[in-house]
Amino acid sequence: MTTVSKNEYYTAVVSDYTHEGMGVVKVDNYPVFIPDVLKGEEIELKVVKANKKFGFGRLINVNTASKNRVTPPCEYYYQCGGCQIQTMNYEEQKQFKKTVADKSINHMAKLDKEINDTVSMDVPMYYRNKSQIPVKLKDGKIEMGFYRPRSHDIVDIDHCLIQKGIHNQLMVFIKEELNREKVSVYDEAVHQGLLRHVIIRSNSDDSEVQIAFVTNGKKNIFQNINDRIIENFPSVTSIVQNINTEQTNVIFGDKTNILKGKEYITDTILGKTFKVRVRSFYQVNHEQTEKLYKKAIETAELKGDETIIDTYCGIGTIGLGAADKAGKIIGIESIESAVEDAKENAQLNGVHNAEYHLGKSEDVMTRLTAEGVEPDVVFVDPPRKGCHPEFLEALAEVQPEKIVYISCNPSTLQRDLKYLNQHGYEVSPVTPVDMFPQTKHVEACVLLQRKRR
Ligand SMILES: C[S@@+](CC[C@H](N)C(=O)[O-])C[C@H]1O[C@@H](n2cnc3c(N)ncnc32)[C@H](O)[C@@H]1O
């Protein structure tokens, strides 16, 4: 039984981080997690929640500050849930991400692997090339911003430090336009009103920008606003309306109509051009994506004749990046528009040795291997929930020489690596890549090599 109680004050030293970026202190051996504290700091805290095995605390005072503590550069940091680690300087953020990878791989999965230094961003701000901005009506005024932590309340924001400059300009402009036009706004409590989200997506040199209005119904009342957007922002080359009439937290619906310009924007990664449609997954940090893909492709040490399966392939970016160095690329992806994008992207780049399969990796992989496909290399880049067990089984069954696993969630990464390690694979050192500076999110890349028999 712990002697630590709710609403009590304690003094303690921060000894570690959770994977959520909170500091850990031990009070009489009872762990308490506190946001916005740094390793090594002596702090005064108030316990706000005391569970059986651990508690949560609030920072009252920093008695001894870490040399890596900074004042959060964003004025909304303490209200907005978008960023979690802005009280750490960038060195500490990189160290934190390395620690998270280390804990997952070595403490949880007990793989005993080296963790390389986090691949950092040159200037770790203004990187997000996709902004999904919820819209709400409050006291007769339309607000746009991001959610408070663990809430559906919006913090009305005019400037976000991690989204690109043109997104900030457009966010403010569109908010003014929506207010001027008194656009009907969706209220999730009663499932009524029109506009739910505004999406802004841009390519790496801002020469093509897409706006998407996600609406509860197909009514199009955006004509005047669209004209003014195009007049003021000539690089907006695509405005679309996505219709989502469901009572759900999922942002997009199935139907998208073009309101102005094209249905997609194009971007360049490692010299290849990619079309991206509104619903397709596309990495949000261009500078870091190039570093990540370069690392992933180099890691595979391709000789030129390999059959590569690129699973969870999105619009085909990784596989097409490797196509010049491979015999054949087989992409697998579950979103239909992304598969269409991938096929068009292969053509656009003059790649003739790539084919794409629509479906879930767990189904398509099993089918392909049953048909006799024998990949030499498999790129695996799943969403946060990691790989489906049936996909891993199929992978272990077909035993490619190399698997390059790219992960955006160290806890599912460690689970999947452990499985593959038990099924014939040697795990190499893990490289965290900082795709999401200022936030708790950790991306990592790792090679698995078939064990010699
Ligand atoms: C993290 S993204 C990676 C996409 C791509 N490799 C890239 O770097 O842009 C994961 C992708 O997997 C797709 N996906 C999710 N579940 C899937 C499944 N069960 N089978 C195939 N693809 C899936 C998503 O639509 C998304 O495009």
Side-chain angles (χ1 to χ4, degrees), residues 119 127-130 132 201 203-204 250-252 254 264-270 272-297 299-300 308-323 329-346 349 354-369 375 377-395 403-413 416 433 435-436 441-446:
V119 176
Y127 58 86
R128 279 198 75 98
N129 61 20
K130 184 186 188 190
Q132 305 190 133
R201 197 180 231 175
N203 68 355
S204 46
V250 176
I251 293 181
F252 290 110
D254 289 336
Y264 56 84
I265 56 170
T266 50
D267 200 7
T268 310
I269 302 181
L270 298 175
K272 294 239 162 53
T273 307
F274 296 96
K275 280 186 183 177
V276 193
R277 265 174 262 224
V278 70
R279 288 201 56 205
S280 301
F281 178 92
Y282 188 65
Q283 299 283 357
V284 297
N285 183 333
H286 187 268
E287 175 185 325
Q288 295 304 93
T289 300
E290 291 204 322
K291 292 178 194 164
L292 175 72
Y293 286 0
K294 208 161 164 235
K295 173 91 198 158
I297 295 166
T299 300
I308 297 181
I309 292 191
D310 179 14
T311 51
Y312 306 92
C313 73
I315 60 168
T317 39
I318 300 177
L320 292 173
I329 307 289
I330 304 171
I332 307 174
E333 164 63 44
S334 62
I335 297 268
E336 194 170 357
S337 72
V339 173
E340 285 168 29
D341 285 344
K343 286 179 182 165
E344 283 182 37
N345 287 331
N349 291 290
E355 64 180 50
Y356 290 92
H357 297 259
L358 172 63
K360 293 188 171 164
S361 291
E362 50 273 28
D363 303 332
V364 179
M365 186 76 184
T366 319
R367 197 186 74 224
L368 290 177
T369 53
V377 177
V378 178
F379 287 110
V380 180
D381 185 9
R384 286 184 61 74
K385 64 179 182 216
C387 295
H388 192 283
E390 280 172 27
F391 168 74
L392 289 177
E393 277 168 33
L395 197 56
I403 301 166
V404 182
Y405 195 131
I406 296 170
S407 157
C408 56
N409 183 353
S411 50
T412 52
L413 172 68
D416 295 348
V433 177
M435 295 290 269
F436 315 100
H441 298 291
V442 179
E443 185 96 9
C445 175
V446 56

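Note that ligands are numbered from 1 as they come in the structure, with each ligand's atoms numbered from 1 the same way. Sequential numbering from 1 along the given sequence is applied to the chain's residues.
Ring pair Y264/Y282: centre-to-centre distance not below 6.0 Å.
A salt bridge is defined here as a Lys NZ or Arg NE, NH1 or NH2 lying under 4.0 Å from an Asp or Glu carboxylate O, and R277 with E340 meets this definition. Under 4.0 Å is where a charged nitrogen must lie from a carboxylate oxygen, and between K294 and E290 no such pair does.
Polar contact check, D310 against ligand 1: no nitrogen or oxygen pair lies under 3.5 Å apart.
Judged purely by atom type and a 3.5 angstrom limit, Q288 uses its side chain to pair as donor or acceptor with the backbone of V119. Of the possible donor and acceptor atoms, one in the side chain of E333 sits under 3.5 Å from a partner among the backbone N and O of I335. Looking only at distances, a side-chain donor or acceptor of D267 sits under 3.5 Å from a matching main-chain atom of S204.
Within 6.0 Å of CD on E355 lie more than 12 heavy atoms contributed by other residues, nucleotides or ligands.
Close approach to T317 involves these atoms of ligand 1, each under 4.0 Å from a residue heavy atom: 7 (C), 8 (O), 9 (O). Interface of I335 with ligand 1, defined as ligand atoms under 4.0 Å from a residue heavy atom, comprises 25 (O). Near G314, meaning under 4.0 Å from any of its heavy atoms, are these atoms of ligand 1: 4 (C), 5 (C), 27 (O). Taking a cut-off of under 4.0 Å to the non-hydrogen atoms of G359, the atoms of ligand 1 that pass are 20 (N), 21 (C).
Counting heavy atoms closer than 4.0 Å to ligand 1, residue P382 contributes backbone atoms (N, CA, C, O) but none from C-beta onward. Using a 4.0 Å cut-off between heavy atoms, Y293 contacts ligand 1 through its side chain alone, with no backbone atom that close.
Atom 12 (O) of ligand 1 has its closest protein heavy atom at Y312 CB, 3.4 Å. Nearest to atom 20 (N) of ligand 1 among the protein's heavy atoms is S361 N, 2.8 Å. The protein heavy-atom contact nearest to atom 27 (O) of ligand 1 is E333 OE1, 2.8 Å. For atom 15 (C) of ligand 1, the closest non-hydrogen atom on the protein side is P383 CG, 3.6 Å.
By heavy-atom distance, the residue among Q283, E362, E336, R384 lying nearest atom 19 (N) of ligand 1 is E362. Proximity annotation for atom 3 (C) of ligand 1: of N409, I406, I318, D381, D381 comes nearest, heavy atoms only. Scanning S334, A338, G319 for the heavy atom closest to atom 17 (C) of ligand 1 points to S334.
Screening I309, I308, V364 for a side-chain contact (heavy atoms from CB on, under 4.5 Å) involving I330 leaves a single residue, I309.
The line from SG of C445 to OH of Y293 is 11.5 Å long, rounded to the nearest 0.5 Å.
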